[in-house]
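Computation of the quantities below employed the complete heavy-atom set of this structure, encompassing side-chain atoms and omitting hydrogens, waters and symmetry-equivalent molecules.
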Amino acid sequence: MDLDSTLKRKPQQSKAKKWLMAAAIGVSALGALMVYQWATPTVVAASQLQIATVEQADFVVKIRGFGRLKPKYQRYLTNTDTAMVEAIHVYPGTVVKKDTVILSLVNPQQAQRLSVARLELARQKASVNEQRINQQSELLERQANLAILKSELQSAELRVDAESKLIEQGIVSSLDYKRSMLNVAQLTERVSIEQQRLAQLKEMHLQRSKIQQELLSQFELNYQVEQHAFDQLQITAGIDGMLQELNVELGQNLVPGTRLAVVGSNKALKAELSVKQADAEKVALNMAAKVNTFSQADHGEVDAKVTRIDPIVTDGRVIIELDLQGTLPANARPDLSIEGYVVSNIIPDALTINVPQKAQAHSEATLFKLNPNTQLATPTNIEFGTLSDNQIQLLSGATVGEQLIISDLSKWQHLATIKIEQDSL
């Protein structure tokens, strides 16, 4: 090997040794740094963290939603005949009584039909009165004839009685006596016939009166129908409450069955809550609930219970209907925006904590558990259960009284421990 080759190789070997030495120094430094970090934990100020204490109590699982108060009773106002809107007396938002006139409609044909029905009823009543008078006259005439015949019969009987005493003395002939007896027999027969005719007349009068009364009832019913139809041209509220809708304009021509207005009760109310479809599956009828109307005067909360669950899903939400119980808040009114919740379950003696950031129900996560004596926090695997409001159930990983950091510390989960530095006063 010549001298030049030897001289060239020595600088190359020297350079390689330098790189190896540098690499060894780097690895040693990294290892020392890791040891230092393990021995000296990362320090985090307590003011930057949210620390919660595990509590144990009955855990009320709430299904929350938002919605509005609605009238418990509603009445849709319609017309029964063609008409025109003549006047509007009340507009939406007005408190009304059941006899408050909302609209005045006009229908000339209806007014004419009512007039005809009234005239026909008056004629029928006059006919009935006339018949009653005629029957009374006929009855009196028959009774008078019967009275005359009875009087003649009594007179004839007296004559026969007198002649029966005189015939023995020869004062009255036997022929006259027989004639008198014949007259009594004839009058007796005539009285009997007249009594039968009077009874038949009374029966005939009774039947005619029934027929006339039936006709009169038909005319009265027809008049009442027309009067009712005419009265319905004055559209009244029908119930105490508030006028919610007015669907017609002044001068508008209406066909039968047009939806004119809507009146709803303003004291008897119900609540409609919109909840997520997944939450609605946990709701059942008669579950207890609470509704908040945000009234500052009386806290705005009222007890309620579930009375209906709408089977229709709209935009991923379901309407839950609640029956309000007890005294309503002062600001309660139809269409008032509300919030509320349904108590779907109560878990006795459950371990709970404020919901950590990014935590989900029925999942697992790693949280730092804080030792208040050493102010050191170590990562701990936590199993979550049910979530409600800002509380979540703990199934494992912590016990009552322990403190967990619920801030998002995912960037430090690789560390064995972190130190919490309390703020100085």
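For the pair Tyr76 and Gln74, the minimum side-chain heavy-atom distance is below 4.5 Å. Residues Leu105 and Met84 have side chains not in contact (no heavy-atom distance under 4.5 Å, counting atoms from C-beta outward). Residues Ile392 and Ile353 are in side-chain contact: their nearest non-hydrogen atoms beyond the backbone lie under 4.5 Å apart. Contact of the Arg197 side chain with the Ile193 side chain is registered, since non-hydrogen atoms from C-beta on lie closer than 4.5 Å. Here the side chains of Glu281 and Val318 are not in contact, with every heavy-atom distance at 4.5 Å or above. Side-chain contact between Val54 and Thr399 is absent, with no heavy-atom pair separated by less than 4.5 Å. Between His362 and Thr386, some side-chain heavy-atom pair lies under the 4.5 Å cut-off. Looking at heavy atoms from C-beta onward, Val60 lies out of side-chain contact with Ser388 at the 4.5 angstrom threshold.
What you find for Ile338 and Ala271 is that their closest heavy atoms are CD1-CB, 3.7 Å. Lys358 approaches Asp408 most closely through the heavy-atom pair NZ-OD2, 3.1 Å. For the pair Ala268 and Tyr73, the tightest heavy-atom approach, listed with the atom from each and the gap, is CB-CE1, 3.7 Å. Nearest heavy-atom pair, Gly238 versus Arg75, reported as atom, atom and distance to 0.1 Å: CA-NH1, 3.5 Å.
In this structure a side-chain-to-backbone donor-acceptor pair under 3.5 Å is missing from Ser151 to Ala147. Remark: side-chain polar atoms of Thr417 are paired, donor with acceptor, to backbone N or O of Ala377 under 3.5 angstrom. Looking at Ser265, its side chain never comes within 3.5 Å of a backbone N or O of Gly241 through a donor-acceptor pair. Looking only at distances, no side-chain donor or acceptor of Asn266 sits under 3.5 Å from a matching main-chain atom of Pro71. In this structure, Asn292 contributes its side chain and Glu339 its backbone to no donor-acceptor pair below 3.5 Å. No donor-acceptor pair closer than 3.5 Å links the side chain of Thr94 to the backbone N or O of Leu243. Formation of a donor-acceptor pair under 3.5 Å by the Asp303 side chain with backbone atoms of Gly326 is not found in this model. The closest donor-acceptor contact from the side chain of Gln135 to the backbone of His205 lies under 3.5 Å. Lys70 contributes no side-chain N or O that, together with a main-chain N or O of Gly264, makes up a donor-acceptor pair within less than 3.5 Å. Using a distance-only test at 3.5 Å, with no hydrogens or angles considered, no donor-acceptor pair links the side chain of Asn371 to the main chain of Leu376.
Open room surrounds CZ on Arg190; 12 or fewer heavy atoms of other groups in view lie less than 6.0 Å from it. By the neighbour-count criterion of 12 heavy atoms within 6.0 Å, atom CZ of Arg118 is densely surrounded, having more than that number from other residues, nucleotides or ligands. Other residues, nucleotides and ligands contribute over 12 non-hydrogen atoms within 6.0 Å of the CD atom of Gln325.
Remark: the His228 side chain and the Gln232 side chain contain an N/O donor-acceptor pair separated by less than 3.5 Å. There is a side-chain donor-acceptor pair under 3.5 Å between Arg132 and Asn129. Side-chain contact check for Gln234 and Ser104: at least one donor-acceptor pair (N or O, by modelled atom type) lies under 3.5 Å. In the model, Asn134 has no side-chain atom that pairs as donor or acceptor with a side-chain atom of Glu138 under 3.5 Å.
How far CD of Glu364 is from CD of Glu383: 5.0 Å, rounded to the nearest 0.5 Å. If you take CG on Asn107 and CD on Gln112, they are separated by 10.0 Å, rounding to the nearest 0.5 Å. Atoms OG1 and CD, on Thr352 and Gln56 in that order, are 9.0 Å from each other to the nearest 0.5 Å. Between the CG atom of Leu146 and the CD atom of Gln195 there is a distance of 5.5 Å, given to the nearest 0.5 Å. Going from atom CG of Leu395 over to atom CZ of Phe384 covers 9.5 Å, rounded to the nearest 0.5 Å. For the atom pair CG of Leu322 and CZ of Arg308, the computed distance is 10.5 Å after rounding to the nearest 0.5 Å.
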**Study point:** From CA spacing to verdict: side-chain contact (heavy atoms from CB on, under 4.5 Å), Thr100, Lys97
**Key:** CA-CA 5 Å; Thr100 300; Lys97 298 293 185 181; 3.6 Å; yes
Exercise for review: List the steps and the verdict of side chain to side chain donor-acceptor pair (under 3.5 Å) for Arg113 and Gln110.
Suggested key: CA-CA 5 Å; Arg113 288 196 293 267; Gln110 180 57 47; 2.7 Å; yes
For residues 213-221, which side-chain N or O atoms pair as donor and acceptor with protein atoms under 3.5 Å away, sequence neighbours left out?
{"from": "Ser217", "atom 1": "OG", "to": "Gln213", "atom 2": "O", "distance (Å)": "2.9"}

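Of the charged side-chain nitrogens involved, none lies within less than 4.0 Å of a carboxylate oxygen, so that Arg123 and Glu120 do not count as a salt-bridged pair.
A salt bridge (charged side-chain N to carboxylate O under 4.0 Å, His left out) check over residues 44-64, counting only residues at least two apart or in different chains, returns the pairs Lys62-Asp389, Arg64-Asp389.
A side-chain contact (heavy atoms from CB on, under 4.5 Å) with Val101 holds for exactly one of Val96, Val90, Ile88, Thr236; it is Thr236. Checking Lys72, Lys270, Lys305 one by one against Asp323, the salt bridge (Lys or Arg N to Asp or Glu O under 4.0 Å) holds for a single residue, Lys72.
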